[in-house]
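Heads up, the thing below is written out as structure tokens.
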2 protein chains.
Amino acid sequence: MAAQRGQRNGVGDTPPAPTAAEITAPIPRVVAEVPAARERARAIPEAAVARLAVYLRVLSGMQDQGSGTVSSEELAVAAGVNSAKLRKDLSYIGSYGTRGVGYEVAVLIEEIERILGLTRKQSVAVVGIGNLGHALANYGGFPGRGFPVTALFDVDPDLIGVPVGGLPVEHIDDIPTICAEREVSIGVIATPPPAAQTVCDRLVEAGVQCILNFAPVVLQVPDHVEVRKVDLAVELQVLSFHVARRADNAAATNGVAPEFNGKVNGMVVT
Amino acid sequence: MAAQRGQRNGVGDTPPAPTAAEITAPIPRVVAEVPAARERARAIPEAAVARLAVYLRVLSGMQDQGSGTVSSEELAVAAGVNSAKLRKDLSYIGSYGTRGVGYEVAVLIEEIERILGLTRKQSVAVVGIGNLGHALANYGGFPGRGFPVTALFDVDPDLIGVPVGGLPVEHIDDIPTICAEREVSIGVIATPPPAAQTVCDRLVEAGVQCILNFAPVVLQVPDHVEVRKVDLAVELQVLSFHVARRADNAAATNGVAPEFNGKVNGMVVT
DNA sequence: CCTTGTGAATCCTTTCACAGCA
DNA sequence: TGCTGTGAAAGGATTCACAAGG
């Protein structure tokens, strides 16, 4: 993929394109190129990437139990997806299965690790050593290893220098130098909301290109920086929505007064 | 029963900026009827629900700063999405805007809260009071309030009875009784992987219908239970994938692919 | 003018179903 | 025979672009 049709774009900028839209003529498609690129066609859907990580964990468990091969059906059940999706996902990384038999666990593990870039260790820095930061710093070098935490930062003077999970906490002013020095490739933000953007800016300044953000704020970053967000409040609210929907449905089927009715424009779906 | 419906991954989406949930699972409908009757068109897409939660937070911030109205463009930028998507999302909950003007902040807040079911408090139980559980228990009654933590559980004898965040830890054997008694509607699992399924079963037994799972395992639940998963390892691995892809592309541009960032006015040209 | 609300087009994912092969 | 790999169909979600309306 070459351009960013609305993808990266850390911010909601680039609203609509200027009036150059009347030209219904040729769509500036950028596909169909790089006849070479014998390597992995860089076409793995984002959604599939996340699932590959899940498959990897399941496969590791199977390997520990001595399984030599798995069928797509077995692996799919263990990973909580259906087998068609699983096979499609695996097909994005290549054809490593044997028809009539299944996949070799060891081979799949190796290939997925390669695709996910787990063959080289990715150095992680955690910023904000509060409750959550502590939890993250102690997360045993992070699951499956491959993500060594190499730096911890905070502003609290009482914390600076204190070892957490075997690593001393440094001051956030030192983010640029320390992160550059230790070649941190992933920054984890676990600070209070007001500090998040500042911390983010420093991480970017230090050359960190990927950020995992636990702070409930929308970070503004340059296009080349990748951000993923974990938002507790959002998770709970989505669940809350389901509780409410369930309650409404129950009330509806019981013939109870539909107090909340109203908006719907007439879309009927089931 | 095949039962393993995809667990929604509640985590940060990769695209623009924020949002969450890209895995929209198929609706678990087992039976195929539902007289449709006065079906409350709960047609709000899963992805939109997650964003509504984000809009809500942004709107609250605006209200605190005294804003009375917002345009879709302003709100969109603040939430990190584009305005068309924002308007589409809002349209799912009704028509509360004024053409040529925008939306009243207070009205939007109220409507989104109603849709998300935040008008009634949802009681939360946290199971597994380790590092992460501690962090969750102390999360100030959870953001934006509306999610009071009313029970904490663990197996460790040394923890039972100890107050964490003002609430005593109980034994997980008491999950069924205590959760039922305190009408817990959302269970948060922050236990080690091996304990997760057992804990999950007890929560379900207690009547909990929504679960937020931090343990890196695929939970098996009945169809009527909603599970969302937050998986640290997956998040890091997805970021790792992007680091790797970036590296590959960089290498490629030096040899083959003639693709650089040729963006003009949002239109791609090569 | 302005901005909302929304059909229609587009793009991305998932599912189906079967050809292909060990 | 049994299971993988994959075109093609189906389904969602996102974006476009414009009519509706203050």
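Order of the sequence lines sets the chain letters (A, B, ...), proteins ahead of strands, with each chain counted from 1. All values below were derived from every heavy atom in this structure, side-chain atoms included, with hydrogens, water molecules and symmetry-related copies excluded.
Residues satisfying the side-chain contact (heavy atoms from CB on, under 4.5 Å) criterion with A78(A), sequence neighbours excluded, are V58(A), M62(A). Checked against salt bridge (Lys or Arg N to Asp or Glu O under 4.0 Å), R87(A) has no partners two or more places apart in sequence or in another chain. Listed by chain and residue number, D201(B) satisfy the side chain to side chain donor-acceptor pair (under 3.5 Å) test with Q197(B) (two or more places apart in sequence, or in another chain). Partners of E104(B) according to the side chain to side chain donor-acceptor pair (under 3.5 Å) rule, which considers only residues two or more places apart in sequence or in another chain, do not exist here.
Computed from coordinates, the Y92(A) OH to dT6(D) P distance equals 11 Å when rounded to whole Å. The CG atom of N82(B) sits 14 Å away from the C1' atom of dT10(C) (whole-angstrom rounding). When the P atom of dG5(C) is taken as reference, atom CG of L108(B) falls 9 Å away, rounded to whole Å. Rounding to whole angstrom units, NZ of residue K85(A) and C1' of dT6(D) are separated by 17 Å. One interatomic measurement links the two molecules: CG of L75(B) to C1' of dT3(C), which rounds to 13 Å at whole-angstrom precision. As a whole-Å value, the separation of E46(B) CD from dT13(C) C1' is 15 Å. At whole-Å resolution of the value, CD1 in I93(B) and P in dT4(C) are 14 Å apart. Going from atom CG of L52(A) over to atom P of dT14(C) covers 12 Å, rounded to whole Å.
Closest approach to the Y103(B) side chain among dG5(C), dT15(C), dT13(C) is made by dG5(C) (side chain taken as heavy atoms from C-beta onward). With dT4(C), dG5(D), dA22(C) as the choices, the nucleotide that has an atom nearest any side-chain atom of T98(A) turns out to be dA22(C). Listed nucleotides dT15(C), dG5(C), dT15(D) differ in distance to S91(B); the shortest reach to its side chain belongs to dG5(C). Relative to the side chain of S95(A), the nucleotides dT6(C), dT4(D), dT6(D) differ in distance, and dT6(D) lies closest. In this structure, the nucleotide among dG7(C), dT4(C), dT13(C) sitting nearest to the side chain of K88(B) is dG7(C).
Put simply, the side chain of D231(B) never gets that close to the backbone of E235(B): no donor and acceptor are under 3.5 Å apart.
Under the salt bridge (charged side-chain N to carboxylate O under 4.0 Å, His left out) criterion, the residue pairs touching residues 88-99 of chain B are R51(B)-D89(B), with sequence neighbours excluded.
The residue among G97(A) and D89(B) whose nearest nucleotide of DNA chain D is located toward the 5' end is G97(A).
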Between protein and nucleic acid, restricted to nucleotides 17-21 of chain C and to nitrogen or oxygen atoms under 3.5 Å apart, what atom pairs and distances do you find?
from: dG20(C); atom 1: N2; to: R99(A); atom 2: NH1; distance (Å): 3.4
from: dG20(C); atom 1: N3; to: R99(A); atom 2: NH1; distance (Å): 3.0

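Look at S72(B) and you'll find a side-chain N or O under 4.0 angstrom from OP1 or OP2 of dT4(C).
The shortest side-chain heavy-atom distance between I189(B) and L212(B) does not fall under the 4.5 Å cut-off.
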